[in-house]
Amino acid sequence: MIEFKDLSLVYPNGHQGLKDVNVKINDGEFVVIVGLSGAGKSTFIRSINRLVTPTEGELKVDDDNILDYKSRGLRDLRTKVGMIFQSYNLVKRNNVFKNVLAGRLGHTGTFRSVFNLFSQDDKALAYESLQRVNIDDKIYSRADQLSGGQQQRVSIARVLTQKPKYILADEPVASLDPPTSHQVMTYLRKINKEDGITTIVNLHFIDMAMEYADRIIGMRSGEVVFDGPVSEVTEET
Ligand code: ADP
Ligand code: ADP
């Protein structure tokens, strides 16, 4: 479970990223956050794996206040909470398999990760993850030779290989055309259903949010202005 309690974040330049946010996200949910650019969607998502650090309030992941975490705690948190980015964040020159194996880094320990020593189980898991998003045929292609949609599927395979409890996706389809966006959202939704991974996605477009979410959180100026099931979203929201 993820719990925001009176959570605020003010950036050093004075911009309010989050303002008094109170939200509880239960295990297994598929939540979509919507709002205009600058509404705080990214700050909300990035707080959960501490890519940014809220300045007031409490943020609990599985009953632990993650605002107290130092290096070791952060590493474990980021292993438990997988992340998907708008720009895929693959290592361009590495092949797909190596990129996906990187999902195991949090599990293998520093020594093994430095030398890229992965077990047979790690490799099997990486391959199986590629199969689940139908991109196993590109296993030895260099990441930068793939289309945007293919790269985003590789990044989903990487996060699956990580075996996270939570997946955060920060504008995962903002760089993709509509058919490819739907394909990526369909995979995220399918993984949430099959594996029970709690998933939180930021989207620009309410139409797409309505199509895939169970629950929608609407943000404006760092504040949560709507939080409810898709069926409760009305014209004015
Ligand atoms: P988005 O709207 O998709 O969150 P932006 O284009 O606003 O993306 O921001 C891109 C990057 O710049 C992000 O990493 C964000 O944290 C950072 N950023 C956004 N606004 C500011 C700002 N006013 N000052 C410094 N960095 C910013
Ligand atoms: P969204 O994801 O909805 O576009 P953000 O969370 O990126 O919104 O931004 C919320 C507010 O925080 C905006 O006013 C933005 O300019 C500001 N902001 C975001 N990232 C940074 C940053 N790294 N430094 C300073 N201000 C930022």
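Counting starts at 1 for both ligands and their atoms, following the listed order. Values below: every heavy atom of this structure, side chains too, minus hydrogens, waters and symmetry copies.
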*Measure from the side-chain N and O atoms of Ser181 to the backbone N and O of Leu176, and report whether any donor-acceptor pair falls under 3.5 Å.*
yes
*With heavy atoms of Thr43 as the reference, note each atom of ligand 2 found under 4.0 Å away.*
5 (P), 6 (O), 9 (O), 10 (C)
*Would you mind finding which of Gly38, Gly222, Ser47, Ser221 brings a heavy atom closest to atom 10 (C) of ligand 2?*
Gly38
*Examine ligand 2 and decide if any of its atoms is less than 4.0 Å from a heavy atom belonging to Ser37.*
yes
*Where do Ser87 and Asn89 land on the side chain to side chain donor-acceptor pair (under 3.5 Å) test, with the steps shown first?*
CA-CA 6 Å; Ser87 48; Asn89 286 24; 3.1 Å; yes
_Numbered atoms of ligand 2 (with element) below 4.0 Å of Gly40, judged on heavy atoms_ = 1 (P), 3 (O), 5 (P), 6 (O), 8 (O), 10 (C)
*Could you see which bit of Asn13 sits under 4.0 Å from ligand 2, with heavy atoms only: side chain, backbone, both or neither?*
side chain
_From CA spacing to verdict: side chain to side chain contact (heavy atoms under 4.5 Å, CB included), Leu59, Phe4_ = CA-CA 5 Å; Leu59 178 49; Phe4 289 65; 3.7 Å; yes
*ligand 2 versus Asn202, non-hydrogen atoms closer than 4.0 Å: side chain, backbone, both, neither?*
neither
*asked:* Please list, in number order, the atoms of ligand 2 under 4.0 Å from a heavy atom of Ala39.
replied: 1 (P), 3 (O), 8 (O)
*If only atom types and distance count, is the side chain of Asp62 paired as donor or acceptor with the main-chain N or O of Met1 below 3.5 Å?*
yes
*Out of curiosity, is Val52 lining ligand 2, as in a heavy atom under 4.0 Å away?*
no
*Look at the side chain of Arg153 and the backbone N and O of Val133, then say whether any donor-acceptor pair between them is shorter than 3.5 Å.*
yes
*Report the part of His15 in contact with ligand 2, treating N, CA, C, O as backbone and CB onward as side chain, heavy atoms under 4.0 Å; options are side chain, backbone, both, neither.*
side chain
